[in-house]
Amino acid sequence: MKTTRTKDFGLAALLVSKDAKMTGYTTDELGTLWFEFTTDEAVAALEEGFYRNTVDVRIQDYIAAQKMLKSLIFETKRNIYEQRISRTIPSSKDSFAL
């Protein structure tokens, strides 16, 4: 199964608002979030229309998709940040008494 991968928030919101199937997301070593969608003719047409500025979308659907993706981004970034913090804070057994 072929997938479309994008870090473009606007394109991802459009695909979600048009009911494209989001198969997942990943972060790269720089912390950039990549959204992954199942690729079919409809997704390819939406992507082309996005870059040509020819796609019509219901604004409420688009805003709802943006809110969902923002929640996903912030939750992912928070989890990454918390993992980094927990790695740098010494546990009580590692601390030294003065």
Side-chain angles (χ1 to χ4, degrees):
M1 173 173 43
K2 190 174 178 189
T3 61
T4 296
R5 196 169 175 245
T6 185
K7 63 181 179 178
D8 188 305
F9 181 76
L11 175 58
L14 173 66
L15 294 175
V16 169
S17 71
K18 291 290 196 171
D19 297 322
K21 183 178 179 184
M22 189 166 90
T23 57
Y25 58 93
T26 57
T27 55
D28 62 19
E29 61 278 351
L30 299 176
T32 303
L33 197 65
W34 290 84
F35 303 100
E36 299 167 358
F37 296 87
T38 300
T39 301
D40 58 17
E41 289 180 21
V43 168
L46 286 169
E47 186 174 8
E48 182 179 336
F50 174 78
Y51 289 112
R52 292 178 181 247
N53 198 26
T54 58
V55 177
D56 290 328
V57 64
R58 292 178 49 196
I59 193 66
Q60 291 300 326
D61 293 342
Y62 189 76
I63 290 171
Q66 284 185 328
K67 287 179 181 179
M68 186 275 292
L69 291 172
K70 283 181 185 180
S71 294
L72 182 68
I73 291 168
F74 291 127
E75 182 67 20
T76 301
K77 297 287 184 180
R78 186 178 63 78
N79 288 339
I80 290 170
Y81 177 74
E82 286 177 355
Q83 288 173 0
R84 287 183 184 159
I85 292 296
S86 67
R87 285 188 212 141
T88 59
I89 298 174
S91 65
S92 58
K93 66 180 180 181
D94 294 335
S95 60
F96 299 102
L98 296 177

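- Between K67 and K70, the closest side-chain pair of non-hydrogen atoms is not below 4.5 Å.
- Note that CG of L14 is 10.5 Å distant from CD of Q66, once rounded to the nearest 0.5 Å.
- Side-chain atoms of T32 do not come within 3.5 Å of backbone N or O of D28 as any donor-acceptor pair.
- Atom-to-atom distance recorded for I73:CD1 and R78:CZ is 14.5 Å, nearest 0.5 angstrom.
- Closest non-hydrogen pair, V55 versus K18, comes out as CG1-CE, 4.1 Å.
- Following chains of ILVMFWY side-chain contacts shorter than 4.5 Å, one can reach F37 starting from Y51, so the two form part of one hydrophobic cluster.
- Contact between A65 and A13 at its shortest, heavy atoms only, is CB-O, 3.3 Å.
- Here the side chains of D8 and F50 are in contact, with some heavy-atom distance below 4.5 Å.
- When all heavy atoms of T3 and T39 are compared, the closest pair comes out as C-OG1, 2.9 Å.
- A 4.5 Å side-chain heavy-atom check between L11 and E47 finds at least one atom pair inside the cut-off.
- Expressed to the nearest 0.5 Å, how far CD of E36 lies from OG1 of T6 amounts to 11.0 Å.
- When all heavy atoms are compared, the tightest approach of M22 to F35 is SD-CD2, 4.1 Å.
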Verdict with supporting geometry, T38 and T23, side chain to side chain donor-acceptor pair (under 3.5 Å): CA-CA 6 Å; T38 300; T23 57; 4.9 Å; no

